[in-house]
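Remarks on the structure that follows.
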Amino acid sequence: MNKNLSILLVLLLLSSTALAQNGYQFGNWKPSLNDGAAVKPKRAEAGCGALVSLTGHEFSVETAALVPASGDLPEYCHVTGQILPEVRFELSLPASWNNRFYMFGNGGYAGELLSTPGRVNTRNTALKARFAVAQTNTGHDAAVEPLGTFAVNRQKLLDYAFRAVHVTAETSKKIIREYYGAAPARSYFDGCSTGGRQGLISAQRFPDDFDGIVVGAPVLNFTGTMTNYVSTVRALEAAPIPLEKLKIIAERVYAKCDGADGLVDGLIDDPRRCDFDPAKELPVCAGDVDGKDCFTAAQVRALDVVYRGAESGGKRIFWGQPVGAEIGAPAQSIWANWIISPSPTGRTISYNFAESFFRYLALPKPDPNYDFKSFNLETDLPRLQAISDILDAKNPDLTRFKTRGGKIVMYFGWADTALNPLMGVDYYEKVSARFGPSTADFFRLFMVPGMAHCRGGVGTDQCDFLTALIEWVEKGVAPKQIGGSQSRDGKLVRTRPLCPYPQVAKYKGAGNPDDAQSFACENQEKRP
């Protein structure tokens, strides 16, 4: 791989990781939610620096230093350390603590530096609300072991799959108890993408770790997602589709589907309600000669694979891409980078994620030369069971988490092209099938029309799911709707209520369609 291509791929992967957090949590936070709690360190004379003596066999505290207040950021004790074997962690302890613990998740294959600007901003936002805040790199350094290369080490694979978040939470709580003389009254986890998977893994494997979990766009079926990437990459390599042609697809999709919810507003509330067939809806090239305003038969077949999803034995084994994300948001299609590459290399982020998965995680013996496009969907699927058992978060049995009073708020953008939103809907429906009506007592899903991966897109992507979750856990106020907003160039352009699935925001028939007051959460009619 040449140097320029390597740099481009690194930039793409870093940008995808940076977006793996919603970025709008605590937006509705009010000081009154602290209920006057102001816990101080129990041993002021020993101070922050004494925490280095907590080093033992399982973890080391490398540094513990007091950081003075600056602007609206309070004074806090900044702790860094390492849990065996290589799980890096950071814990920040405010001088006046609200008796809550907050941990946030990772993106992609993790391994991020804990000091990246996005992660520092997330930490500081929570510190301003006086939370004790923790984060981890999950056990490897992406700069040294990029993508999935770390997984040649079995322990690092297990740390990434499920252990690192758990041991970081346990270690952080131990340090908190030592510093303040009290355990957290409540503990929360917040993550999107890989962070969403981490949240579900916590609820499924370690139900005592957190009282409330925000699960954003989780890659809960990691193996299925990567398998579907194989199908998509092969189809689009056989019949490449220029990024410019997505404008044509978007126009046809929105002409057919935008009004299916009763309101033409540039949003598709539920893509499942629109039957879009590229073979019937798109202009065909005369004589099957490719042109900029038409599609060849091969290109239509490739699009059909994208919309239909991976198949094996004539049956679908993963969901196809819902319609709606073809649109520019606002300049470039949401398909760009994940489904179709905007660069001459033709490599998408999903291409690189899948290649790394099949070379280093998927099969019993890592093979850095394995061609993931040679994976046979008809015969090789059983080979993925072992990695699925440790990496996927598909178990719908949340009995232990529900019994201890835990709460989950999950969200997914309907225009997500990185991770299929139907994966989240399917999981919620399986949990609902197990627990029936009582599911809504502890688990609610919010689908966001037009939102891309974790944020962005053409929908109301600015949403504070965390504050809603905290009020549910601590005050018993279940979120009947969560406010969403959309801004362009720093200007608010739309507000809309986000409704607990299967409800959707229905236009009342009067009022400004860009104002949340013109909508009400209602159950939609059954899909045709």
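These numbers come from a predicted model, not from an experiment.
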Q.
Centroid separation under 6.0 Å, is that true for the rings of Tyr428 and Phe443?
A. yes

Q. How would you list, by chain and number, every residue that makes a salt bridge (charged side-chain N to carboxylate O under 4.0 Å, His left out) with Glu237, sequence neighbours excluded?
A. Lys373

(Q) To the nearest 0.5 Å, what is the distance between SG on Cys499 and CD1 on Ile482? (A) 10.0 Å

Q. Under 3.5 Å, is there a donor-acceptor pair linking the side chains of Ser333 and Glu326?
A. no

Q. Nearest 0.5 Å, what's the CD-CG distance between Gln299 and Leu303?
A. 7.5 Å

(Q) Quick check: do Thr439 and Lys402 have side-chain heavy atoms less than 4.5 Å from each other? (A) no

Q. Residues in side chain to side chain contact (heavy atoms under 4.5 Å, CB included) with Ala362, at least two apart?
A. Phe357, Phe358, Leu384

Q) Less than 4.5 Å apart, any side-chain heavy atom of Asn137 and any of Phe89? A) no

Q) For Phe206, which residues count as a ring pair (Phe, Tyr, Trp, His ring centres under 6.0 Å) partner, sequence neighbours excluded? A) His166

Could you list the donor-acceptor pairs under 3.5 angstrom formed by side chains in residues 284-295, with sequence neighbours left out?
{"unit_1": "Asp288", "atom_1": "OD1", "unit_2": "Ala297", "atom_2": "N", "d": "2.8"}
{"unit_1": "Asp290", "atom_1": "OD1", "unit_2": "Lys245", "atom_2": "NZ", "d": "2.6"}

Q: Would you tell me whether Ser388 and Asp392 have side-chain atoms, one donor and one acceptor, within less than 3.5 Å of each other?
A: yes

Q.
Going by salt bridge (charged side-chain N to carboxylate O under 4.0 Å, His left out), name the residues that satisfy it together with Asp159, two or more places apart in sequence or in a different chain.
A. Arg163

Q: Indicate whether any N or O donor in one side chain lies under 3.5 Å from an N or O acceptor in the other, for Gln462 and Ser487.
A: yes

Q.
Side chains of Thr348 and Ser350 only: does a donor on one sit below 3.5 Å from an acceptor on the other?
A. yes

(Q) Quick check on ring pair (Phe, Tyr, Trp, His ring centres under 6.0 Å): which of Tyr229, Tyr109, Tyr360, Phe372 does Phe353 satisfy it with? (A) Tyr109

Q.
Testing the basics here: between Gly457 and Ile334, what is the closest heavy-atom pair and its distance to 0.1 Å?
A. CA-CD1, 3.9 Å

(Q) Would you say Asn395 and Gln204 are linked by a side-chain donor-acceptor pair, where the criterion is simply a distance under 3.5 Å? (A) no

Q | Nearest-0.5 Å distance that lies between atom CZ in Phe189 and atom CD1 in Ile408 | A | 12.0 Å

**Q.** Gap separating the CG atom of Asp426 from the CG atom of Leu220, nearest 0.5 angstrom
**A.** 8.0 Å

(Q) Please give me the minimum heavy-atom distance between Gln198 and Gly105, naming the atom from each residue. (A) OE1-CA, 3.2 Å

Q) Counting N and O atoms only, with roles assigned by atom type, does the side chain of Thr460 sit under 3.5 Å from a partner on the main chain of Ser485, one being a donor and the other an acceptor? A) no

(Q) We want to know whether Arg444 and Tyr501 form a side-chain donor-acceptor pair, criterion being a heavy-atom distance below 3.5 angstrom. (A) no

**Q.** Those residues that, when tested against Phe276, pass ring pair (Phe, Tyr, Trp, His ring centres under 6.0 Å) (two or more places apart)
**A.** Tyr307

(Q) Under the rule for salt bridge (charged side-chain N to carboxylate O under 4.0 Å, His left out), what residues qualify as partners of Arg88, not counting sequence neighbours? (A) Glu62

Q. Between the side chain of Asp190 and the main-chain N/O of Phe104, is any donor-acceptor distance below 3.5 Å?
A. no

Q. Will you find, in the side chains of Gln486 and Asp461, an N or O donor that is under 3.5 Å from an N or O acceptor?
A. no

Q. Among side-chain atoms of Arg123 and Gln135, is any donor-acceptor pair under 3.5 angstrom?
A. no

Q. When you check the gap from the basic side-chain N to the acidic O, do Glu311 and Arg308 get nearer than 4.0 Å?
A. yes

(Q) Run the ring pair (Phe, Tyr, Trp, His ring centres under 6.0 Å) test against Phe318 and tell me which residues pass, sequence neighbours left out. (A) none

Q) Ring centroid separation for Phe210 and Tyr188, is it under 6.0 angstrom? A) no

Q: Determine whether Glu90 and Ser115 make a side-chain contact, defined as any pair of heavy atoms from C-beta on separated by less than 4.5 Å.
A: no

Q. Can you name the residues that form a side chain to side chain contact (heavy atoms under 4.5 Å, CB included) with Asp277, not counting sequence neighbours?
A. Ala279, Lys280

Q. Would you call Phe435 and Pro396 a side-chain contact if the rule is heavy atoms closer than 4.5 Å?
A. no

(Q) Is a donor from one side chain sitting under 3.5 angstrom from an acceptor on the other, for Asp270 and Gln524? (A) yes

Q: For residues Met423 and Val219, report the shortest heavy-atom separation together with the two atoms involved.
A: CE-CA, 4.0 Å

Q. What residues form a salt bridge (charged side-chain N to carboxylate O under 4.0 Å, His left out) with Glu281, not counting sequence neighbours?
A. Lys256

Q. Can any side-chain N or O of Ser356 pair as donor or acceptor with the backbone N or O of Asn352 at less than 3.5 Å?
A. no

**Q.** Residue list, ring pair (Phe, Tyr, Trp, His ring centres under 6.0 Å) with Tyr102, at least two apart or on another chain
**A.** Phe26

Q. According to the disulfide (SG to SG under 2.5 Å) rule, which pairs have a member within residues 228-260, sequence neighbours left out?
A. Cys257-Cys274

Q.
Once rounded to the nearest 0.5 Å, what's the spacing between atom CD1 of Ile268 and atom CG of Asp261?
A. 8.5 Å

Q. Between Ser312 and Ile317, which heavy-atom pair has the shortest distance, and what is it?
A. CB-CG2, 3.8 Å

Q.
Classify the ring geometry of Phe222 against Tyr160: parallel below 30°, tilted from 30° to 60°, perpendicular beyond 60°.
A. perpendicular

Q | Rounded distance [0.5 Å steps], CG in Asp141 versus CG in Leu113 | A | 6.0 Å

(Q) Please tell me whether Trp338 and Tyr351 form a close aromatic pair, meaning their ring centres lie under 6.0 Å apart. (A) no

Q) On the ring face of Phe162, is Arg205 found with NZ or CZ under 6.0 Å from the centre and within 45° of the axis? A) yes

(Q) Using only atom types and a distance under 3.5 Å, with no angle test, would you say the side chain of Gln82 pairs donor to acceptor with the backbone of Pro85? (A) yes

Q: Kindly indicate whether the side chain of Thr138, heavy atoms from C-beta on, has any atom under 4.5 Å from the side chain of His140.
A: yes

Q: Work out which heavy atom in Arg197 is nearest to a heavy atom in Ala161; give both atom names and the distance.
A: NH1-O, 2.7 Å

Q) Taking all non-hydrogen atoms of both residues, which atom of Leu469 and which atom of Gly212 are closest, and how far apart? A) CD2-C, 3.5 Å

